[in-house]
Enquirer: 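A single structure is presented below for examination.
Labels below follow one simple rule: chain letters A, B, ... track the order of the sequence lines, proteins then strands, and each chain is numbered from 1.
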Number of protein chains: 2
Amino acid sequence: MVTINDIARRAGVSRTTVSRFINESGYVSEKARENISRVIEATGYVPSEQAKSLRLKRTKVIGVVIPKISTETMSRVVNGMDEVLQQEGYQILLASSSLDKEKEIEQLKLLESRRVDGIILVATNREPELLEAVKNLSVPVVAVGQHLPDISSVVYNDYEAAKSLTKEILRAGHTKIGFIGVDEADYSVGVLRKKGFLDALKENGCSVESGWMQTASFSISAGEEAAARLLDQSKTLPTAVLAVTDRLAVGVMQTLRKEGFDLPGEMAVAGMGASDMSAYVTPALTTVDYYYEEAGKVSAGILLKAITGRAKKVEKSQMDYRLLKRDSLR
Amino acid sequence: MVTINDIARRAGVSRTTVSRFINESGYVSEKARENISRVIEATGYVPSEQAKSLRLKRTKVIGVVIPKISTETMSRVVNGMDEVLQQEGYQILLASSSLDKEKEIEQLKLLESRRVDGIILVATNREPELLEAVKNLSVPVVAVGQHLPDISSVVYNDYEAAKSLTKEILRAGHTKIGFIGVDEADYSVGVLRKKGFLDALKENGCSVESGWMQTASFSISAGEEAAARLLDQSKTLPTAVLAVTDRLAVGVMQTLRKEGFDLPGEMAVAGMGASDMSAYVTPALTTVDYYYEEAGKVSAGILLKAITGRAKKVEKSQMDYRLLKRDSLR
DNA sequence: CAAACATGTGTGATCGATTCCACAATGAAC
DNA sequence: GTTCATTGTGGAATCGATCACACATGTTTG
């Protein structure tokens, strides 16, 4: 790999002059300019951003830790980040925790060792070990999706979103509503969405049978299985089901259809997340749009402010949401 | 940020000894060990991978250039890469070209300046400028999705896949088949899939009306519009439509349904790509699975072999495919 | 005419690690 | 009692850039 010294030698100047030429700082004579640019052209020299980073103590790289790469939510969030970061000359170093709590912490350490200028953590839990690890980082961090204490965070309004969606279901005349949730280790999706659901019911004086509430992981097939359990364990059947993600909702619809239910006539279904497919399944899925791209942009913006020192110590931002009422809810 | 020199000073040894301790190379006395590990513990020291990279001339970072982050195909491919790369201690530096040819080249240069150990390029075109740029890189490159001359590549069997899918449609009794393609700048999707389609028809003595063949971009709505044009411009209507991506196919189905067509009775539809949603739209979409995760894994594997020097100069790999026959084709 | 300024260039220190080499001390082998 | 491993340590060069500073020359300015 050709270096600045090679260029200097071949152009008959010192490396300082070459540096000045490249960075357009200080004086460089016309003659030197010509020589240098000719040599650079000939050799295809590209300055080492690496060496530069070491000297300047900044890398122009942002570490992004996400639970899983191949989910629509994540790719939309990361896309939003990239749009903002690329604008400012930053690149994204991707780290997937594969939904493993220890790996998540490991990845944070790894990013720190690479001296990234900042980290965006799309967290799925709020365990003390994770908080501890984040606190010990000597790099600005922004959390997305979970509200971490003393850390800048961008969160979705999970509680209110679930609550208004549930109210929408109630408004449609349903009083017996099933619920497909996820593990409570995921505070936002597992706890807050469930709480929003239950509070909306309580406020309207509705109650739930135990069999109506099921827990699943994040896949479509988990939704299918959870729906099967719901049907199996219910003494009386609900007339609507709220699933905390669109994928779960799609799974629920699959099972219901398989069991001969007329949708949405015999059973209404609602999801959350406004996934791509939600608009194209039949019946089109009623859901909540969380503006994921925007969340990515906002988090990147907050991080950049923190990096350039133009920020309050800790910034909290809550994303807006939007109900998408479609055919699956009547 | 605490450095190896700080550790050395506070532990009362030289930085050489600290380095030996960290890398478990050479001798370090029990006493020195204790001191050093105590100081490291107390300071939370993390060695700079950056400085290490400069010295060792390797970064353990792989650059990945993709056309767009928020597409299912890309996130699946990148996911596959990450699985392999993480195993070997590599991280992914993500670069999105946003479907812009110049930016694609720019990103390659940028990755080179960061001294990544290798680059995986998910290309959408084969323009001479791109080939030139790739050739000038002094970093191992693997191309995915397009067959670039003299560059290791992992390609999908686009021609055969389109051909067998078309034959499947013919086998189902259709002889008048519409086609929704994309711009020919994308050689794999634009040219090869169309060629597969046309060759299958030719071999079976079928012909196409001009209005039956439409071109669109990659979105669902582009599929909707293309289908509308197809209906509008056809003198006699086809009985089946092949779209070169699932998203286009879903768009086609939307338009057809809106126009009152019974699916698949009055019009069969097939897509390509085995997207997540393909199984859950109604009717379930017949499509071709390209094993995207696997393509990511294979490309990462080839790149790693090239980096460690255990590779043939140029390696070409063609991915397998699999027909998924579902309800949308009768 | 001396001082001040503009133009142009190079030396050497620095960023934070690794590694070659020299060198000490100790004990074992011949 | 040399010689030779073994154990243990640190000095200095190195990777590829930036930058403060010294220095040289030519041109203005008072």
Enquirer: Does K57(A) have a side-chain nitrogen or oxygen under 4.0 Å from the phosphate oxygens OP1 or OP2 of dT14(C)?
Expert: no

Enquirer: Have S153(A) and Q146(A) got a donor and an acceptor in their side chains that come within less than 3.5 Å?
Expert: no

Enquirer: Heavy atom of residues 13-34 of chain B under 4.0 Å from DNA chain C: which residues?
Expert: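 When residues 13-34 of chain B is checked for heavy atoms under 4.0 Å from DNA chain C, the hits, listed by number, are R15(B), T16(B), S19(B), N23(B).
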
Enquirer: Whole Å only: how far is the NZ atom of K52(B) from the P atom of dG16(D)?
Expert: 18 Å

Enquirer: Could you check I151(A), V144(A), V64(A), L130(A) and say which one makes a side chain to side chain contact (heavy atoms under 4.5 Å, CB included) with L121(A)?
Expert: L130(A)

Enquirer: Return the value, rounded to whole Å, for the distance between atom CG of L54(B) and atom C1' of dT14(C).
Expert: 12 Å

Enquirer: Quick one: R114(B) CZ to dG16(D) C1', roughly how many Å, whole number?
Expert: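 So the CZ-C1' distance, R114(B) to dG16(D), works out to 15 Å.
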
Enquirer: Quick check on DNA chain C: between R115(A) and G12(A), whose nearest nucleotide comes earlier from the 5' end?
Expert: G12(A)

Enquirer: Measure from CG on N5(B) to C1' on dG11(D) and round the result to the nearest Å.
Expert: 13 Å

Enquirer: Just by modelled atom types, is the R58(A) backbone N or O under 3.5 Å from a matching donor or acceptor in the K52(A) side chain?
Expert: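 Here the side-chain-to-backbone pair does not exist.
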
Enquirer: Any chance you could lay out the side-chain contact (heavy atoms from CB on, under 4.5 Å) test for M1(B) and R115(A), step after step, and finish with the verdict?
Expert: CA-CA 9 Å; M1(B) 187 71 73; R115(A) 298 296 186 266; 3.6 Å; yes

Enquirer: If you check every side-chain atom of L56(B), which of dT19(C), dA17(C), dA17(D) has the closest atom?
Expert: dT19(C)

Enquirer: State whether the side chain of S19(B) and the backbone N or O of R15(B) hold a donor-acceptor pair below 3.5 Å, judged by distance alone.
Expert: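 No: the side chain of S19(B) does not pair with the backbone of R15(B).
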
Enquirer: Please report, rounded to the nearest Å, how far the C1' atom of dC15(C) is from the CG atom of D6(B).
Expert: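 In whole Å, dC15(C) C1' and D6(B) CG are 12 Å from each other.
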
Enquirer: How many Å lie between CG on N35(B) and P on dT9(D), as a whole number?
Expert: 10 Å

Enquirer: Within this structure, what is the CE-to-P distance between M1(A) and dG16(D), rounded to whole angstrom?
Expert: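 The distance from CE of M1(A) to P of dG16(D) comes to 9 Å, rounded to the nearest Å.
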
Enquirer: Could you tell me if R76(A) and N79(A) have a donor-acceptor pair between their side chains, going purely by distance under 3.5 Å?
Expert: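 The answer is no; no qualifying pair exists.
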
Enquirer: For Y45(A) and dG16(D), give me the distance from atom OH to atom P, rounded to whole Å.
Expert: 10 Å

Enquirer: Y156(B) vs Y290(B) aromatic rings, parallel, tilted or perpendicular, using cut-offs 30° and 60°?
Expert: tilted

